[in-house]
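The figures that follow rest on heavy atoms only: side chains count, while hydrogens, waters and symmetry mates do not. We count residues from 1, following the sequence as given.
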Amino acid sequence: MNAYSELYLDDAKNLLAVAFEYSLIILGVDVDEFEHSFLNSPITERFEIGNPSVVAGMSGVEFAQGILSGSNLKEIREDEDSPFEFGIAYWTGYVLAHYQWKVGVSFRRIIAKVRLKDIMSMYPKYHETDIERFIEEMDRRMSSNKGKTNLRVQREYSGLSQRELSRLSGVSIRSIQLYEQRVNDIDKAQGHTLYKLAWALRCKIEDILELPHLDR
């Protein structure tokens with residue numbers, strides 16, 4: 001199921017392409033630091049659902065400034081006069097926006113399995129091919145983590161051990177182990193348990209649920 005109406009897709013792809021180019025190339029923000037700010041920004045959540053005030057109401061530079069203004073990464077330049085090239089950063093934003101729209105899940109759920117720098121590394125092979133070839137490769141890479149639960153994927157992405165997640169969330173380490181081993185079904189966990197885990201991992205509850213229909 002697509003994340004939002006296809007009517008907004010072209011605007012969304014171009015917006016994210018410019019935002020990535022502006023942040024990573026023009027401002028020179030480190031890709032891992034940008035990834036963290038991008039995934040934790042409130043306007044990214046609005047982008048994910050195709051909120052018209054974002055995908056059709058903001059420029060790529062404004063979107064980038066909204067992401068970076070909540071961090072200490074870079075002093076934000078106010079001008080939008082710098083030329084944008086159709087290079088690796090632009091392409092990465094463009095195809096990532098398309099993939100997120102197509103699979104209809106959060107950027108956090110995608111990037112926890114295929115990091116932003118890994119998508120950028122696909123540029124030489126896929127930037128001149130049909131976008132469907134990129135989608136096929138992303139599906140393959142996403143599937144390579146199928147053996148892991150989404151809770152484990154999100155925990156590892158956050159750099160936490162099971163013990164550290166237990167301490168931060170207040171959920172017992174044994175419960176976390178049973179969810180990660182699929183002995184207990186996290187989709188049937190109580191709401192307050194899911195909330196505490198998601199809060200500790202700084203992700204959405206849906207990002208730690210299995211919900212097979214959400215994964216390709």
Check: D139/Y99 side-chain N/O donor and acceptor closer than 3.5 Å: yes
Do NZ/NE/NH1/NH2 and the carboxylate oxygens of [X] and [Y] come within less than 4.0 Å?
X: E137; Y: R141; value: yes
X: R182; Y: E210; value: yes
X: E35; Y: R115; value: yes
X: K204; Y: E48; value: yes

Hydrophobic cluster (4.5 angstrom, side-chain heavy atoms) - remaining members for V183: L178
Side chain to side chain, L15 and F47, heavy atoms closer than 4.5 Å: yes
Sub-4.5 Å side-chain heavy-atom contact between M138 and M122: yes
More than 12 foreign heavy atoms under 6.0 Å from [atom1] of [X]: is that the case here?
X: R202; atom1: CZ; answer: no
X: Q190; atom1: CD; answer: no
X: E128; atom1: CD; answer: no
X: F107; atom1: CZ; answer: yes

Non-neighbouring partners of A17 that pass side chain to side chain contact (heavy atoms under 4.5 Å, CB included), sequence neighbours left out: Y90, Y94
Ring-ring centroid check F63 Y22, cutoff 6.0 Å: no
Ring pair (Phe, Tyr, Trp, His ring centres under 6.0 Å) partner of Y123, the single match among W91, F20, F134: W91
Donor-acceptor pair, side chain of Q100 and main chain of S106, under 3.5 angstrom: no
Passing candidate, side chain to side chain contact (heavy atoms under 4.5 Å, CB included) with I110, options D207, L116, V103: V103
Passing option when R108 is tested against Q154, E206, E45 for side chain to side chain donor-acceptor pair (under 3.5 Å): Q154
